[in-house]
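Have a look at the structure below before the remarks.
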Amino acid sequence: MRRYLAGRLGQAVAVLWAAYTVSFLVLDLLPGDPVSAMAAGGLDQAAIEPAQIEALRREYGFDQPILVQYLNYLGRAVRGDFGNSVATGRPVTSTLADALPYTLQLTAAALVLAVVLGGAVALYATYTAHRWLRQLLMSLPSLGVSLPTFWIGLMLVQLLSFRLRLLPAFGNEGAASLILPAVTLAVPTGAMLAQLLAKSLLTTLDEPYVQTARAKGAGRTRVHLRHALRNAALPAFTMAGILVGNLMAGSVVVETVFSRNGVGRETVSAVTVQDIPVVQGVIVFGASTFVLANLAVDLIYPLLDPRIVVAAAQQRSTG
Amino acid sequence: MHRVPQSTAVRRRLIATLAVAGSIVLTTACGSDVGTAGAADGDAAKAGGTLTFAVGSYAGCVDPQQVGSNDTIYALRQIVDSLTDQDPATGKVVPWLAERWEVSPDARTFTFHLRPGATFSDGTPVDAQAVKDTFDAAPKLGAKAVLAIGYLSGYTGTRVVDDLTAEVSFKQPNAQFLQATSTFSLGLVSSASARKTADQRCTEGIVGSGPFKLEGYKANQSITLARRTGYNWGSSLWRKPGEAYLDKVVFTIVPEAGVRTGSLQSGQVDAIGSVGLADESALQGGGNVDLRARANPGVVFNLGLNNSRPLLRDLAVRQAIQAAINRQEIVNATFPTGSKPATSVLAHTTPLYTDLSAQLAFDPGKAVSLLEAAGWRLGADGIRAKDGTRLSLEVDWFANAATNRPTLELIQQQLKAVGVEIRLRELPIAQITQIQQSGDFDALWGNITRADPDILRSSYSTALANTYRLDPGKLDTVLDEQAATTDTTKRQALVSQAQQLIVENAYVIPVVELTTELGVAQRVHDLDFEASSRIQLHDTWKS
């Protein structure tokens with residue numbers, strides 16, 4: 001178990017380092033730099049003196065060789081210092097720390113909605129005896145997965161905010177402003193979950209042990225919820241990491257459509273002006289969340305399904 | 001486990017959002033009846049209330065000297081006062097914090113006499129020392145203060161003559177400086193604010209003497225202003241003496257155009273910025289919103305030709321391009337209602353503008369005969385060629401205005417009709433400066449907002465950046481002379497001559513005036529444009 005744990009942790013660190021390095025290289029390869037982006041300001045194209053630009057490049061260290069820049073950034077990043085935003089002059093860590101609570105609120109609410117709605121659709125679709133209802137319910141997840149998030153968002157705003165005037169269209173003040181964004185973000189995630197759970201439930205319901213349970217006289221509901229769901233939920237649980245990643249990516253769009261502050265909005269602003277320190281911070285944050293979610297899944301999974309560790313041990317001895 | 005390459009996914013989705021959102025709004029919110037415009041000006045103006053103004057972007061900085069984006073200037077303009085103000089109707093510079101001023105005949109020394117009694121919101125007086133501190137600090141602010149730095153180019157210092165008299169000097173003639181003192185970029189800040197670093201000023205904000213003060217801001221969310229009590233030193237242009245009407249103004253950042261228009265119509269906000277042609281039909285439907293538009297002064301949207309390129313050294317080619325563009329068609333197809341085609345290299349709202357519409361008329365016949373006479377013959381592919389060289393140009397553009405792409409695509413078609421090929425290349429905004437400096441372009445698409453004709457000198461004098469690689473010549477002399485002339489009549493003659501030279505020689509191809517369009521609820525009154533087509537909220541009130 002200890003070796004298993006060490007291996008997983010080592011992998012997590014490697015992934016973080018790779019995410020950091022690749023993103024650094026990609027950002028460096030982009031033409032232009034944040035200093036010029038800043039000078040370009042608004043709409044206008046008034047020319048700026050080259051000497052001014054050079055002075056600023058020096059100040060931010062953009063004039064140094066790429067390897068030196070990389071090692072400098074990496075050295076500080078390891079100690080948790082991502083430098084200051086080029087655009088605002090604020091430390092990257094506090095910029096993200098200020099935005100994070102809003103994104104957490106949004107993603108947590110969306111995750112709860114996704115699990116409840118996605119789970120309900122999957123369960124009822126596999127439970128109902130009506131063929132037409134089953135088919136309707138089974139087609140909902142693919143619809144939800146294929147609708148673009150921003151379209152769902154704009155439609156909800158049009159209807160519930162602009163026409164019916166029930167909910168605010170923008171901002172993150174108060175619980176009412178959380179409803180539309182959370183629903184929008186929950187749709188694709190919930191749909192993905194429903195797809196997976198429904199498929200897994202259908203397979204499980206054909207397993208011999210379910211037949212046995214039925215033969216022993218368990219009711220339909222009891223078989224469905226106690227026997228089948230328990231096992232069918234396992235594959236869905238392994239998806240947790242991907243779901244977290246999806247929610248984070250979705251928050252970029254949702255926060256923009258609903259004018260909410262958050263990590264997604266910070267990402268958009270930073271990418272627009274090539275604010276490299278902030279973009280790097282966001283990437284490391286995103287990768288860490290993803291890695292942690294997967295690590296948690298990897299560590300909890302053997303507790304739920306002991307076969308995993310056994311299989312891993314066997315692989316090591318044969319390979 | 002599979003790792004999603006996040007940054008690319010993020011970008012792809014973002015681009016998709018921006019591209020499709022506009023069209024959705026068009027199809028879902030379509031009104032039919034047109035509301036009557038015009039606020040009920042008969043009502044008695046009423047003090048109090050909060051104005052909510054939705055803008056599209058957030059600059060990440062609350063120092064008016066370090067911000068160039070309209071969306072943020074709208075808010076920050078209100079917290080600083082300027083030495084002078086500029087009448088949007090006449091372009092005349094009039095008193096504000098300075099009661100009167102003298103300009104030396106060589107346009108190198110400007111003496112301002114301040115009105116007594118004005119104070120910054122930290123209680124310190126608006127005096128000659130504050131003028132000195134503000135101007136001494138501005139040139140050291142760095143790349144984000146590009147506007148202020150440009151206005152103060154050649155600044156040698158400010159002498160505090162007495163408490164209320166400041167004498168500002170330059171090493172070269174600098175006639176544009178007087179108008180520059182009316183801009184937000186040179187708005188006065190308290191001495192304590194001037195001592196702060198550029199980053200501190202961005203994050204903490206500055207202390208000004210304006211009719212509103214910065215009450216707070218939330219990144220990507222809002223900027224909140226509160227009325228300055230006891231304010232009594234407004235611009236000579238304002239109708240209301242003393243304090244502003246509104247208690248508070250909240251600038252809310254709403255990035256999606258469709259959400260801005262919907263929020264205005266459903267009464268969730270009082271006014272919105274950046275209204276485009278696509279938003280107009282939705283806003284006109286409800287009958288409770290007025291659209292207000294004003295052309296931005298300065299250099300119009302133009303194809304800035306690189307005059308050192310072999311193809312473009314040919315005057316006939318440049319003039320042919322100028323004649324082949326149908327400016328009215330572009331205005332009708334892509335710009336907000338009320339926009340005007342370019343009638344000079346300067347927009348008609350710029351002081352000392354000269355109407356050269358005859359020379360910028362759409363005349364494809366003239367374009368064809370110019371090209372034929374210069375030896376450019378139509379090839380099999382419909383593009384002209386001469387000595388084996390095709391008449392093909394690359395136009396670089398940046399995604400800093402929604403109208404850019406459709407406009408350029410239309411120009412592409414119009415030029416193809418006379419046998420000139422245009423290839424469009426979109427570049428990231430971060431690359432503008434690099435491209436301008438390197439000269440690695442055939443043509444750049446862009447405009448510059450500035451309510452003084454000296455913008456022609458900063459843009460086209462070969463002694464300065466010379467982005468468009470003109471050869472030194474007559475234009476330089478004329479531009480230098482206008483910068484050294486304080487007599488308006490003489491300066492008018494010189495500025496007219498400069499516009500004429502640029503248009504005649506087609507160094508750059510003027511196309512269309514940038515128009516700022518706002519959507520304003522009818523319960524909001526007297527929300528006015530100032531001379532640079534930004535807004536002034538002192539006189540604004542809600543019924």
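Note that the structure is predicted; figures quoted are calculated from it, not measured. A note on names: the letters A, B, ... follow the listed sequences, proteins ahead of strands, and every chain is numbered from 1.
- Taken to the nearest 0.5 Å, the CD atom of B:Glu256 stands 14.0 Å off from the CZ atom of A:Phe170.
- At a 4.5 Å heavy-atom cutoff, B:Val67 makes no contact with chain A through either its backbone or its side chain.
- For A:Arg265, the parts sitting under 4.5 Å from any heavy atom of chain B are the backbone and the side chain alike.
- Using a 4.5 Å cut-off between heavy atoms, A:Asp98 does not touch chain B at all.
- The contact between B:Thr252 and chain A is made entirely by side chain atoms (from C-beta outward), counting heavy-atom distances below 4.5 Å.
- Contacts of A:Ser161 with chain B are made by both backbone and side-chain atoms, with heavy-atom separations under 4.5 Å.
- Taking all atoms of both residues into account, the shortest heavy-atom contact from B:Ser263 to A:Phe162 is N-CE2, 3.4 Å.
- Between A:Leu167 and B:Gln268, the shortest heavy-atom contact is O-NE2, 4.3 Å.
- Under the side chain to side chain contact (heavy atoms under 4.5 Å, CB included) criterion, B:Lys218 pairs with A:Glu173, B:Gln221, B:Ser222, sequence neighbours left out.
- Of all heavy-atom pairs spanning B:Asn220 and A:Asn261, the tightest one is ND2-OD1, 3.3 Å.
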